[in-house]
Amino acid sequence: MAAPERTRVAVVGGGPAGMVLGLLLARGGIDTVVLEKHPDFLRDFRGDTVHASTLTLLDELGLGSAFAALPHRLLEEAEIQLDAGTVRLADLGRSLPGLHRHVALVPQWDFLEMLADAAAREPHFTLLRSAEVVGLTHDAGRVAGVRWRDYRPPAAEEPRPADHTLAADLVVGCDGRWSAVRVGADLAPRAFGVPVDVEWFRLPRHAGDPDGGVGRLSGSEFMVMIDRGDSWQCGYLIAKGQDEALRAEGLDAFRARLARLQPWLADRLDRAPDRLEDVKLLDVRIERLDTWHRDGLLLIGDAAHPMSPVGGVGINLAIQDAVAASRIVGQWMRRSPGPVPEDVLAAVQRRRLPPTRLVQAFQRLAHRGVVNRALRGALATSPDTLPLPLKLVGRFPLLQRIPARFIAIGPRPEHAPSWARRLERLGPR
Ligand SMILES: Cc1cc2nc3c(=O)[nH]c(=O)nc-3n(C[C@H](O)[C@H](O)[C@H](O)COP(=O)(O)OP(=O)(O)OC[C@H]3O[C@@H](n4cnc5c(N)ncnc54)[C@H](O)[C@@H]3O)c2cc1C
């Protein structure tokens, strides 16, 4: 495909925020190009959770059946296993309103590919894969487009330069926690101290293993496990900066830690993880921009507010940002040609800042009150000695509605603008 030279909206990054934004704007008749630096969506684990509010959004977009056809698993409760027993933290099945009383677990690449398929049917949508944005262009102080590098294999008959410029009325940075757009716009996020990092790896899943998600806390060790069908995606928490010390202990010592923590895993730990190189360090961060926009530029999702994986809510928050941005910006662009005034972009931030602040505050509290104390061995692991909020939630099932709604729906869920909605013929799912 020849490189486009001009569009109304250039969306940088084809993650959850970028793909949803691209699809919704294109359905509004707004020419939108999404630039994604990877050739596909197959990359390191970045979370598989699709929350109840996103499932409702998919229904609004007429994509409920397409999603239901993807191989997925349902998470209906969240619990934490202690040495003295299991504490249920959230019962989604009983606590949530509406049709979707669960969080779905689906490989992120399948989910993004489904959005890409839906978007490809829109004449106003273009997805450029292997297209890495390397800078912004300016016109009289306004951001006026992007410079991008084309990594697609050249077609023999069409030799093409590797570098291109795409002019746009609006650039939206959806390029994640290490956002190049953010750096290019000279915007620096405020960082909130985080006491933990996470080691991510996979283990085989056997018949008879539990379903869904498992959180396990014992002594000073803490691990979450996410059911991915034939494998477990495991996150082993360590105090920040302890990665080198952990690796110095060697593979056998790491496997022994896992066997101590979850003895039922022992039958596979002689083979997995295969090498310490397969255990990937996630440098956990919580950051937030004070200003999410410049003239001609908006940042949303992790590009505006990198999230901790605690609570598994980053994908949902990024998608909710995209829906709000499409509605606010789309409403203006459908009526008016040319660049989007900065006060319209500021309205997106005004809408999405309060839920972002709230979720990040919850994550910081969880880091301090639970995770950090657990890693210091300061949380005796019996239900009676848990922090008060967890104790209350464990004891009084009605209170489980609060974390259930907070995690599965989130504060201020967003709904698709009318122009993006599609009815689908309902049949058995
Ligand atoms: C290991 C890990 C586990 C996580 N687990 C969960 C979980 O279980 N549930 C959950 O809700 N959240 C989880 N998160 C957080 C979640 O992944 C993010 O909050 C969410 O993906 C943010 O979406 P986004 O679209 O803003 O950014 P991203 O998902 O980061 O997408 C950014 C996209 O931009 C592309 N890109 C980057 N730079 C450029 C460039 N210069 N040019 C073009 N394209 C570019 C990237 O390739 C990527 O596709 C996890 C994060 C990590 C790292």
Side-chain angles (χ1 to χ4, degrees), residues 10-22 33-51 53-54 75 78 103-109 111-113 115-116 127-136 146-151 164 166 171-184 197-202 213 224-228 233-237 279-287 292 299-322 325 352 356 359-360 363 407-408 410:
V11 176
V12 183
M19 291 309 298
V20 168
L21 179 65
V33 176
V34 176
L35 302 104
E36 166 54 50
K37 71 177 177 185
H38 289 95
D40 52 38
F41 298 119
L42 286 170
R43 43 195 167 275
D44 271 357
F45 178 74
R46 289 186 320 189
D48 288 350
T49 50
V50 179
H51 291 65
S53 40
T54 300
L75 190 69
V103 169
L105 300 174
V106 63
Q108 200 179 105
W109 52 81
F111 177 58
L112 293 177
E113 209 59 75
L115 293 173
L127 172 61
L128 296 174
R129 302 180 192 243
S130 303
E132 180 176 9
V133 168
V134 291
L136 299 171
V146 295
R147 285 185 293 107
W148 63 280
R149 193 150 295 156
D150 192 344
Y151 289 104
H164 307 275
L166 175 64
V171 174
V172 187
C174 301
D175 51 343
R177 60 208 301 258
W178 306 114
S179 173
V181 170
R182 194 175 65 209
V183 173
D197 285 330
V198 182
E199 304 284 0
W200 285 103
F201 55 96
R202 276 189 202 210
V224 289
M225 300 173 66
I226 298 166
D227 173 359
R228 304 188 92 193
Q233 184 72 44
C234 305
Y236 181 87
L237 279 70
V279 178
K280 299 272 166 49
L281 172 71
L282 169 66
D283 171 13
V284 177
R285 283 155 183 265
I286 299 182
E287 296 178 347
W292 300 11
L299 290 111
I300 60 171
D302 269 19
H305 47 74
M307 307 293 293
S308 154
V310 164
V313 291
I315 296 170
N316 199 38
L317 205 65
I319 289 176
Q320 304 294 317
D321 280 4
R352 295 304 305 162
T356 304
V359 173
Q360 290 189 326
Q363 292 189 322
I407 290 173

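Both counts, for ligands and for their atoms, begin at 1 and track the order of listing.
- At a threshold of 4.5 Å between non-hydrogen side-chain atoms, the residues Leu166 and Trp148 count as touching.
- Of the polar atoms of Arg177, none of the N or O atoms is found under 3.5 Å from an N or O of ligand 1, judged by distance alone.
- Between Leu128 and Glu36 there is no side-chain heavy-atom pair separated by less than 4.5 Å.
- Short contacts between ligand 1 and Gly314, defined as distances under 4.0 Å to a heavy atom of the residue, involve ligand atoms 10 (C), 11 (O), 12 (N), 19 (O).
- Residue-ligand proximity, His38 to ligand 1, at heavy-atom distances under 4.0 Å covers atoms 47 (O).
- Taking distance alone, with nitrogen or oxygen atoms compared against 3.5 Å, Ala17 approaches ligand 1 more closely than that limit.
- Every N/O-N/O distance between Gln108 and ligand 1 stays at or above 3.5 Å.
- Per-residue contacts place Asp302 under 4.0 angstrom from the following atoms of ligand 1 (heavy atoms of the residue considered): 18 (C), 19 (O), 22 (C), 26 (O).
- Under a 4.0 Å criterion applied to the non-hydrogen atoms of Leu35, ligand 1 contributes the atoms 43 (C), 44 (N).
- Taking only nitrogen or oxygen atoms, main chain and side chain alike, Trp200 does not reach within less than 3.5 Å of ligand 1.
- Between Gly312 and ligand 1, at least one pair of N/O atoms sits closer than 3.5 Å.
- By the 4.0 Å heavy-atom criterion, Ala131 is counted among the residues contacting ligand 1.
- Ligand 1 places these atoms under 4.0 Å from at least one heavy atom of Gly301: 26 (O).
- The closest non-hydrogen atom to atom 5 (N) of ligand 1, taken over Gly47, Pro16, Gly18, comes from Gly47.
- Using a 4.5 Å heavy-atom threshold, the side chains of Asn316 and Thr49 count as separate.
- Of the polar atoms of Asn316, none of the N or O atoms is found under 3.5 Å from an N or O of ligand 1, judged by distance alone.
- Between Leu21 and Ile300, the closest side-chain pair of non-hydrogen atoms falls below 4.5 Å.
- The N/O atoms of Leu282, backbone and side chain alike, include none that comes under 3.5 Å of an N/O atom in ligand 1.
- Remark: ligand 1 atoms within the under-4.0 Å shell around heavy atoms of Cys174 are 32 (C), 33 (C), 34 (O).
- Of all the heavy atoms of Glu132, the ones lying under 4.0 Å from any atom of ligand 1 are found in both the backbone and the side chain.
- Taking a cut-off of under 4.0 Å to the non-hydrogen atoms of Gly13, the atoms of ligand 1 that pass are 33 (C), 34 (O), 35 (C), 44 (N).
- Of the polar atoms of Thr49, at least one N or O is found under 3.5 Å from an N or O of ligand 1, judged by distance alone.
- Atoms NZ and OG, on Lys37 and Ser130 in that order, are 12.0 Å from each other to the nearest 0.5 Å.
- A donor-acceptor pair under 3.5 Å is absent between the side-chain atoms of Asp150 and the main chain of Ala131, judged by distance alone.
- Between Arg177 and Leu282, the shortest heavy-atom contact is NH1-CD1, 3.5 Å.
- Side-chain atoms of Gln360 never come within 3.5 Å of backbone atoms of Met307 as a donor-acceptor pair (strictly under, hydrogens ignored).
- Using a 4.0 Å cut-off between heavy atoms, Val313 contacts ligand 1 through its backbone alone, with no side-chain atom that close.
- Annotation: Val133 places an N or O atom under 3.5 Å from an N or O atom of ligand 1; distance criterion only.
- Residue Ser179 does not touch ligand 1, judged by heavy-atom distances below 4.0 Å.
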